[in-house]
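Heads up: the structure comes next, in C-alpha cells.
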Amino acid sequence: MAIKGAQAVVDGNIPPLNAADDKKSRMFLWNNIFFSLGFDMKDHYGAFGGDSAAYAAIAGDLRGISLYQSLDTEGLHTLGTVIVDYRGYRVVGQSIISGILSRDQEQSII
C-alpha cells in the first residue's frame, strides 16, 4: 500500500496538502498514510551536504524508530514508518495520528 502511494506521489498523481509551498517541502495524504519527500527543506543539512545529507538522515531516523520499537516497552508507541526509493526520490510514509489533521493547534498531542 505504501509503495503504491509513494509511487503516486512521485508520479504527481496525488495533490499536495500544501501546494503553495516549495516543491521540496510538499506533503501528501493518501489512504491514511502521510507522505513527504527526502529533501533538506529548511537548509538544516546545508553544511553537511544538503539534500544528500537529508536523504541519509532519513535512514537514520528509521533505524532509531526500529530501535525504540525493539525495546517492547509497555506504553511506548511509534508511528508506522516506511522509506520508499523511487525514480531518484526518497519518500517517507508514516501512519497518521488519529485526529491530528483536525485538532486545535493549541492542543498538545502528548
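Nothing fancy with the numbering, it's 1 onward along the sequence.
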Between [atom1] of [X] and [atom2] of [Y], what distance do you get to the nearest 0.5 Å?
X   : Y   : atom1 : atom2 : answer
N13 : F28 : CG    : CZ    : 11.0 Å
K23 : N18 : NZ    : CG    : 13.0 Å
T78 : L62 : OG1   : CG    : 10.0 Å
F34 : T81 : CZ    : OG1   : 11.0 Å
S66 : D61 : OG    : CG    : 11.0 Å

[atom1] ([X]) with more than 12 external heavy atoms under 6.0 Å:
X   : atom1 : answer
Y68 : OH    : no
N32 : CG    : no
M27 : CE    : yes
L79 : CG    : yes

Closest heavy-atom pair and its distance - [X], [Y]:
X   : Y   : value
V84 : A2  : CG2-O, 4.3 Å
K4  : W30 : CB-CH2, 4.0 Å
V10 : Y89 : CG1-CD1, 3.5 Å
R26 : D21 : NE-O, 3.3 Å
G93 : I33 : CA-CG2, 4.0 Å

Step by step, would you call Y86 with D11 a side chain to side chain contact (heavy atoms under 4.5 Å, CB included)?
CA-CA 10 Å; Y86 177 67; D11 291 341; 3.3 Å; yes
For the pair L37 and V9, evaluate side chain to side chain contact (heavy atoms under 4.5 Å, CB included) and give the outcome as yes or no after the intermediate values.
CA-CA 9 Å; L37 299 172; V9 164; 4.0 Å; yes
